[in-house]
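The shown structure was predicted, so the numbers you read here are calculated from the model rather than taken from an experiment.
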Amino acid sequence: GAAGGGSLFLFGGEYGIFSTMSHGNFILREPEYESFLSILRRLLADASAKVVFLVDKNGTLLASAGDAVGFDTTSLASLAAGNIAATGGLASLIGEKEFSILFHEGERDNMHLSVVAERLILVVVFGRRSSVGLVRLRVRQASTRLTAVMAVALAASDAEPEGIEELTEADIESLFR
């Protein structure tokens with residue numbers, strides 16, 4: 001394609017996020033992006049979380065909700081993807097496909113990572129005012145909704161295979177004027 005793996009493009013006023021994923025390419029259009037944001041915002045509130053991130057398995061941040069100030073979101077996204085990949089290696093050593101849920105407990109904050117629709121990683125950072133059980137319950141509910149939105153995004157991408165290949169250098173330049 002015209003773009004390297006894990007690149008992020010914003011087209012016009014819309015969020016046309018293009019990302020090379022483990023199962024091929026897809027273009028995330030504004031309606032699906034807004035749906036992702038809505039689901040993340042609801043999860044943030046329902047789980048009493050501090051911040052929620054949606055990342056692809058290549059480590060590209062797709063969306064977030066909550067107070068991301070003070071977070072190096074680029075590093076967080078790539079390390080979350082690396083964490084899932086590394087534990088996938090551990091899983092295969094014991095005959096598992098992957099560990100779809102990871103939990104890291106800290107002194108002040110905790111992190112819950114889960115694989116959604118085999119392509120996305122949902123990262124929830126939460127403190128003492130929440131609990132692992134509440135986060136797991138709310139993540140399970142959000143994952144169902146995120147999977148449905150992802151199916152719509154993939155169907156839309158399949159319907160327009162030419163997508164990003166049709167962009168010319170002039171089109172890309174016009175985005176930065």
Taking all non-hydrogen atoms of both residues into account, name the closest pair between Val55 and Ala77 and its distance.
CG1-O, 3.5 Å

Against Val125, only a single residue in Val135, Asn110, Val51, Val52 fulfils side-chain contact (heavy atoms from CB on, under 4.5 Å); can you say which?
Val51

Return the OG to CG distance between Ser131 and Leu137, rounded to the nearest 0.5 Å.
9.0 Å

Please report the C-alpha distance between Leu120 and Phe36 in whole Å, then the side-chain angles of each, then the deciding distance to 0.1 Å, and finally whether the side-chain contact (heavy atoms from CB on, under 4.5 Å) criterion is met.
CA-CA 11 Å; Leu120 304 175; Phe36 279 159; 4.0 Å; yes

Decide yes or no on side-chain contact (heavy atoms from CB on, under 4.5 Å) for Asp109 and Lys50, but give the supporting numbers first.
CA-CA 9 Å; Asp109 289 330; Lys50 292 185 173 185; 2.6 Å; yes

CZ (Arg29) and CD (Glu34) are apart, to the nearest 0.5 Å, by 15.0 Å

Side chains of His104 and Leu113 in contact at under 4.5 Å (non-hydrogen atoms):
yes

Which of these, Val123, Asn83, Val124, sits in a side-chain contact (heavy atoms from CB on, under 4.5 Å) with Met111?
Val123

Do Val139 and Ile101 come within less than 4.5 Å of each other through their side chains, counting heavy atoms only?
no

Please name the pair of heavy atoms, one in Tyr33 and one in Ala63, separated by the smallest distance, quoted to 0.1 Å.
CE1-CB, 4.0 Å

Please check if Phe126 and Leu134 belong to a single hydrophobic cluster, counting links between Ile, Leu, Val, Met, Phe, Trp and Tyr side chain heavy atoms closer than 4.5 Å.
no

Please report the shortest heavy-atom distance between Glu32 and Val149, naming the atom on each side.
O-CG1, 3.7 Å

Is there a side-chain contact between Arg119 and Leu154 in this structure, where contact means two heavy atoms from C-beta onward sitting under 4.5 Å apart?
yes

Any side-chain heavy-atom pair from Thr74 and Leu61 closer than 4.5 angstrom?
no

Distance in Å, Leu44 CG paired with Arg138 CZ, rounded so as to fall on 0.5 Å steps:
12.5 Å

Ring-plane angle category for His112 and Phe103, please: parallel below 30°, perpendicular beyond 60°, tilted otherwise.
tilted

In Å and rounded to the nearest 0.5 Å, what is the CG to CZ distance from Leu62 to Phe53?
12.5 Å

Value rounded to 0.5 Å, distance of OG in Ser100 from CD1 in Ile121:
11.5 Å

Candidate pair Val132 and Glu105, rule side-chain contact (heavy atoms from CB on, under 4.5 Å), full reasoning:
CA-CA 9 Å; Val132 185; Glu105 185 175 2; over 6 Å; no

How far apart are the C-alpha atoms of Lys97 and Glu118, what are their side-chain angles, what is the distance that settles it, and do they pass the side-chain contact (heavy atoms from CB on, under 4.5 Å) test?
CA-CA 11 Å; Lys97 183 179 158 223; Glu118 296 182 7; 3.7 Å; yes

Return yes if some donor-acceptor pair links the side-chain N/O of Ser130 with the main-chain N/O of Gly127 below 3.5 Å, else return no.
no

Separation between CG of Leu102 and OG1 of Thr87, rounded to the nearest 0.5 Å
4.0 Å

Any heavy-atom pair between the side chains of Arg41 and Leu37 that's under 4.5 Å?
yes

Counting only heavy atoms not in Arg136, do more than 12 fall under 6.0 Å of its CZ?
no

Of the non-hydrogen atoms in Arg129 and Ala49, which two are nearest, and what is the gap between them?
NH2-O, 3.9 Å

